[in-house]
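As the structure lists them, so they are numbered: ligands from 1, and atoms in each ligand from 1.
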Amino acid sequence: MRILSIETSCDETAISIVDASGGLLHPKFIARANITLSQANLHAQYGGVFPSLAKREHAKSLVPILTQALTETKLLKKRTRPEITLALQKKLVELFKHEPELAAQFFEFIPLIKKPAIDVIAVTYGPGLEPALWVGVNFARALAIVWDIPLVPVNHMEGHIFGSLADRTKAGHYGIAPVTFPALALLVSGGHTELVLVKKLRSYRLLGKTRDDAVGEAFDKVARMLGLPYPGGPAISKLAAEAAAQGVTSFPLPRPMIKSDDLDFSFAGLKTAVLYAIKKLGHELTQTEKLALARGFQDAVVDVIASKVAHAAQANKVRTIVAGGGVAGNTQIREALTRFAADHAITLRTPLPELSTDNALMIALASYSLAASKKFKNPKTLKAAGNLTLGR
Ligand code: KG4
Ligand code: ZN
């Protein structure tokens with residue numbers, strides 16, 4: 001089964017073309033093309049992702065990236081006469097009414113190429129920034145209609161879970177090693193902070209989530225307060241490591257909700273505590289103060305996450321922990337999870353570097369079992385769902 005997957009939920013525009021085989025127990029994937037265009041540099045001036053800019057950039061980039069993916073896979077075959085009826089063209093103009101720039105590129109390119117040998121189109125339909133999601137969803141819908149190819153909507157968080165479960169057998173070749181259930185998924189990114197119980201593959205229960213800011217968002221906002229660039233996570237993490245190396249101790253900060261009975265998180269208060277600390281110092285921060293605050297903030301985040309993961313894992317007797325999303329790349333968080341997993345005979349699964357940040361390959365991986373069980377959606381009616389969750 002050849003899958004074309006599309007991801008536009010945040011600030012990465014991504015397309016992959018993947019050959020999937022081997023059935024659901026031992027799936028095998030060959031990434032024929034896997035292209036990600038990050039907009040992070042453009043959003044840096046805003047200190048976070050600016051939704052209308054993200055939408056515009058996705059609309060600009062999708063046709064060029066698709067062209068590149070089809071070229072790399074030798075699936076691009078020109079035709080001499082465009083083949084698209086006036087009635088169909090009218091329908092597509094209506095479908096693209098909020099993305100005129102994408103529509104223009106679409107009509108200049110798609111009618112002039114032959115239908116490629118693709119069996120399924122998979123697209124992220126949520127959760128994420130709704131204006132950004134819509135661009136990918138509408139692009140996928142239009143391709144599915146013109147080429148008459150089945151369309152599979154994919155939950156971005158399920159994409160991260162599959163992304164974290166994938167192993168690489170050789171360059172471009174991936175498998176999903178068997179998982180011992182129940183598993184606990186820790187999904188932490190710029191938009192999400194969730195603990196999900198995975199009872200078996202595709203069976204989810206939401207155990208806890210953030211009540212305000214996502215943890216990555218808190219990293220980004222605190223980074224801004226410290227005068228660090230976006231994305232803030234890696235910048236804070238680097239400063240915290242410098243602090244440790246220089247013997248600069250952590251600035252004391254609260255650990256919000258660490259003792260609460262539930263598995264929810266809250267990071268807004270921690271962010272505000274940093275803001276008050278900066279105000280109270282009352283002067284331009286010295287480098288040592290920055291180091292102490294970065295280290296103190298990261299310590300607080302790691303403590304809260306490690307404590308919630310431990311509670312969730314023990315209460316549900318999990319055998320595997322699956323960490324996914326950009327923040328799961330944080331060295332301190334990984335170390336804390338590794339220690340906990342080793343102490344409790346739990347297997348920890350973390351993503352390969354190419355599957356850590358948002359990408360389309362993880363969407364293809366997650367779509368395979370959906371496509372195999374024919375979980376197709378009508379391309380005329382598929383909608384983006386910004387607040388989609390995994391399980392309840
Ligand atoms: O999963 P991702 O690439 O995109 C989505 O938000 O879906 O995650 C990006 C987020 C940003 O907020 C970034 O600051 C954070 O992940 N991040 C980190 C690290 N690397 C990225 N946070 C903490 N430590 C890191 N090393
Ligand atoms: Zn993500």
Colleague: Is there a chain of hydrophobic side chains (I, L, V, M, F, W, Y, each step under 4.5 Å between heavy atoms) that links Ile363 to Val196?
Modeller: yes

Colleague: Using every non-hydrogen atom in the two residues, find where Arg224 and Tyr46 come nearest and quote the distance to one decimal.
Modeller: NH1-O, 3.4 Å

Colleague: At a 4.0 Å threshold, what atoms of ligand 1 neighbour a non-hydrogen atom of Gly325?
Modeller: 1 (O)

Colleague: Kindly identify the option in Ala223, Pro234, Ser189 whose heavy atom sits closest to atom 19 (C) of ligand 1.
Modeller: Pro234

Colleague: When rounded to the nearest 0.5 angstrom, what is the spacing between OG in Ser369 and CG in Leu25?
Modeller: 11.5 Å

Colleague: Which pairs with one or both residues in residues 99-118 pass ring pair (Phe, Tyr, Trp, His ring centres under 6.0 Å), sequence neighbours excluded?
Modeller: Phe96-Phe106

Colleague: Check the surroundings of atom CZ in Arg202: do more than 12 heavy atoms from other residues, nucleotides or ligands lie under 6.0 Å from it?
Modeller: yes

Colleague: Between the main-chain N or O of Gly386 and the side-chain N or O of Glu130, is there a donor-acceptor pair closer than 3.5 Å?
Modeller: yes

Colleague: So does His192 have any N/O/S atom less than 2.8 Å away from the Zn ion (ligand 2)?
Modeller: no

Colleague: Taking the minimum heavy-atom distance to atom 10 (C) of ligand 1, which of Ser237, Gly190, Gly233 ranks first?
Modeller: Gly190

Colleague: Around atom NE2 of His98, are there more than 12 heavy atoms from other residues, nucleotides or ligands closer than 6.0 Å?
Modeller: no

Colleague: Among Leu187, Asp220, Val188, which one puts a heavy atom closest to atom 12 (O) of ligand 1?
Modeller: Asp220

Colleague: Looking at Gly326, which atoms of ligand 1 are within less than 4.0 Å of one of its heavy atoms?
Modeller: 1 (O), 2 (P), 8 (O), 16 (O), 17 (N), 18 (C), 19 (C), 20 (N), 21 (C)

Colleague: Closer than 2.8 Å to the Zn ion (ligand 2), do we get an N, O or S atom from Cys10, backbone or side chain?
Modeller: no

Colleague: Please report whether ligand 1 has a polar contact with Asp358, defined as an N or O pair separated by less than 3.5 Å (distance criterion only).
Modeller: yes

Colleague: Suppose we measure from atom 26 (N) of ligand 1 to each protein heavy atom; which comes out shortest, and what is that distance?
Modeller: Asn330 CA, 3.5 Å

